[in-house]
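What follows is a short report on a single structure.
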There are 2 protein chains.
Amino acid sequence: MTTIADVARAAGVSVSTVSYALSGRRPISAETRERIQAAIDELGYRPHAGARSLASRQTRVMALAAPLRTDLYVPVIMQFVAAVATAARAHDHDVLLLMNDEGPAGLERVAGGSMVDAFVVMDVATNDPRLPVLRRLREPTVLIGLPGRADGLSCVDLDWEAAGRLAVQHLVDHGHTAVALVGPPPAAYERGTTYAHRFRTGFETAAAETGIRGLAVPCEPSHDGLGASLARVDTEQPGTTGFVVHNEPVVGTLLHALRGSGREVPHDVSVLAVGPHELAEGQAVRLTSIGIPADEIGALAVEMVADLLAGRSPQTTLVAPRLVERDSCAHRSDSSAGV
Amino acid sequence: MTTIADVARAAGVSVSTVSYALSGRRPISAETRERIQAAIDELGYRPHAGARSLASRQTRVMALAAPLRTDLYVPVIMQFVAAVATAARAHDHDVLLLMNDEGPAGLERVAGGSMVDAFVVMDVATNDPRLPVLRRLREPTVLIGLPGRADGLSCVDLDWEAAGRLAVQHLVDHGHTAVALVGPPPAAYERGTTYAHRFRTGFETAAAETGIRGLAVPCEPSHDGLGASLARVDTEQPGTTGFVVHNEPVVGTLLHALRGSGREVPHDVSVLAVGPHELAEGQAVRLTSIGIPADEIGALAVEMVADLLAGRSPQTTLVAPRLVERDSCAHRSDSSAGV
DNA sequence: CTTCATCATCGAAGCGTTTCGACTGCCTAA
DNA sequence: TTAGGCAGTCGAAACGCTTCGATGATGAAG
C-alpha cells in the first residue's frame, strides 16, 4: 500500500505539504503541486479513507435509509436510490445503504461509529420513530417525504396535495363531474405514510371546491384487488367518468377492466395516472399522467445535505407536480354518464 | 465523543485490555469483562470505524455494485440488493452502494481508499470490463451472475439453463408440442447479460431434445412490444399452445392479449411465467411460474464473501430453479392446435 | 532600513484503534 | 525444587492522515 509518506518522499517534500496540496487548505506553489501530482500518478496513491476520517473527523460518506416494503412501488424507490447515489458521487461522497428494517438502532449504530457525515432517509411516516433519534444525532439529516412535524430536519418531497388537486382539475377541465381515485393499498394509508393521505386530501379538496362528485377508494395491487375497488366505485358512485390511478401496479389492469366492462378510454371514460412516464407510455392507451420526479428529488436531497454540511439551516422543499397530457383524457361535453 | 480510553479509565483497566475484551483475541477474566461492559453501556461507547480500519486493516463494509438500467426488472434487482444488505448485517458488515455507471473506476476508487473488505457485483456481462480489475484487487469478490470466464472469482446465480429446460419440460409433460418463449428485450441479449442467453439455450435445447417445436422471440416491455412479439409467434409458429414468459413487465399484457385473440388460459393455451411469485399470483389467472430466488442468492453471495474473507478459495454455485404449479398450465390430450 | 504581512514549507502532535512484546503470579510436571 | 506454561494484564508502537504552530524568504509600507 502506498501512503502519503511515499508520495512525499518521491516528490521531495514533507508529508504535510502533500496533504495541503491535496486539500488546498494552504497555498502551495504550482511547481511543487505538479511534482506532487506526478508522484501521486506514478505511485497510484489513494488516501486511506479510515485514516482520513480519523484525522479529519469526516468520512465523505452519507447513509441512505431505504425502505424494504412490498406495498411501495419498487421501481420508484429504486429511482430515488439511484438518484441519491449518483448525486452523492457528484459531491464526492459515497453512499452507505441502510435498510429500514434496522430502524432507529441502525441509524444510531452508523452514527455512533462515525461511519457517515449525514443521513438521507426515505419512507418517513407521520410519527416516525427515527425522527427523535435523527434530531439528537450530530450528523445532519434530509428526509425524502414529509413527516407530521419536520422541525429541525430538512425535507424534500413531491407536493402530493398539489398533485391531487392538479389531477382533479385536469378532469374537471375536461368536463367530468364524477371522478374516482383508485389509490394505494389500505396498508399505505394505515401506516402513516403521508404521501397517500396528502394526495387524497388534494383530490378530495379539489373535488369539493369545484363542486363535483369525488370518491377515493384504496386498492390492493392485484387483479382481484382492482376488481373489488372498481366494483366499489361502480356501486358507490355510479356514472363515474374520470379515473385517477395512484397505484402503479394496477394501471394496466384497470385499463383492461374498463374495456372489459364496455368502457372505452378515452371515449367513455378518462384515466389519469400517477407514476413514472415509462409506465404511462407502455400501456394500451398512452396515459395522461403526473410524474414522480424521483431523480430531481433525489438530487435535491443531496444538495440539501451539502447545504447542511456547509452550516446552513434545515428547510423544507416541495416540488411542484407536472402533468403530461397523452391520450387517455378526453373532453366530455354532455353531462350524462354511461355505465 | 467517548473513546476506548474513556472506557478503560472508567473500568480501571488499560486500553489494550478493553480492546482484547471486545475482540476476544486474548483471554480476559470474567470479572474484568463485566466491568468493561458496564462502562461501555454507561458511556454509550462505540468504536470509531475509521480508527478501527486504520489499525486493523479491515472495514467491516462490503461494496455492492448494483445495476442502474431500465431493461432489467427493477423489483428483482431491489430484492437482490435488500437480500445482500440484510445478509451483510447478519455478518456484522455494512454495505456501500456502488452504482454500475461508475464502472471499473468506481471499484478501484473504493478499493484504493480501503473503504471496503470485499465486493459483491451484480449484473455481470459475458466480457465484463470490471472482471480484470476485480481479479487484480486484493479484496475478494463475489459475482451475482455468470460471466464468460469466472476463474479466480466466486459466482452465484440461478441455474438459468436448467430453468429454461424445466419450463419446456413442464409444458411437454402437459402435452404441448409447440411452445414459444417471450423473452427479455433485444437489448438484454445484445449486452452480454448471460442469464437471457442461458435461459433461451435451456429452452431451445429442451425443445430440440423432446422433439417439439420451440420458438424464442425477444420482447420490448410495453403493450406494443408484446403485440409485435405475439404477432411473430402467430405467424412464425402457428398453433403454439404453450407460452413461456421471461419478461416480467408484460405478463399481464400477454394474458389480456391472449384472451383478446380468443384464447382462454389455460383452456386453449398454457402460460408459464418466470419471475417473482407475487407477480404470478396477482394476475387474472394465477400463473404457474418459476421463481427467482433473489433472497437465497443474495444471502448465498454474502456467505461466499465470508468464506473468501476466511481464506477459502473461490467457487461457483448455481441454484436449482423451482417451479410452482398454479392455474395457467393445463393438460392438452389432443394434438390439434387452435389459433 | 526596519517592520510587518504574506507565501511556501516543514515538523510534530494528535485522531482512536489494534497488536506485539513483556511482565506477574500461579499451577503443573519432572 | 525448579523450569515451563498459561491466564490475565499492561505499555507502547504502529496505522495513515490532518492540522497547528513554527520558520525562512520575499516584498511592501512606513
Name the nucleic acid region contacted by [X], choosing base, sugar-phosphate or nothing; use a 4.0 angstrom heavy-atom cut-off, strictly under.
X	value
B:P47	sugar-phosphate
B:T32	sugar-phosphate
B:R33	nothing
A:V15	base
B:S29	sugar-phosphate
A:R26	base
B:S53	nothing

Could you walk me through whether B:R89 and A:D101 pass salt bridge (Lys or Arg N to Asp or Glu O under 4.0 Å), step by step?
CA-CA 11 Å; B:R89 283 306 306 141; A:D101 55 350; over 6 Å; no
For a side chain to side chain donor-acceptor pair (under 3.5 Å) check, start with the C-alpha distance between B:R69 and B:N100, then their side-chain angles and the critical distance, and finish with the verdict.
CA-CA 9 Å; B:R69 273 177 310 97; B:N100 280 355; over 6 Å; no
For the residue pair B:M115 and A:A49, what are the closest heavy atoms and their distance?
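Taking B:M115 first and A:A49 second, the nearest heavy atoms are CG-CB, 3.7 Å.
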Heteroatom pairs (N/O) under 3.5 angstrom, protein to nucleotides 13-15 of chain D:
residue, atom, partner, partner atom, Å
D:dC15, O3', B:R57, NH2, 3.1

Tell me, please, the opening and closing nucleotides of DNA chain C, 5' to 3', among those with an atom under 4.0 angstrom from a non-hydrogen atom of chain A.
C:dA8 to C:dG16
Between [Y] and [X], is there a salt bridge with N-O shorter than 4.0 Å?
X	Y	answer
A:R198	A:D159	no
B:D123	B:R191	yes
A:D92	A:R60	yes

Give a yes or no on whether the backbone of [Y] and the side-chain of [X] come within a donor-acceptor separation of less than 3.5 Å.
X	Y	value
B:H48	B:G50	yes
A:S23	A:S19	yes
A:S154	A:Q315	yes

Quick check: any donor-acceptor pair below 3.5 Å linking the side-chain of A:Y20 to the base of D:dC20?
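Between D:dC20 and A:Y20, which were checked side chain against base, a qualifying N/O pair under 3.5 Å is present.
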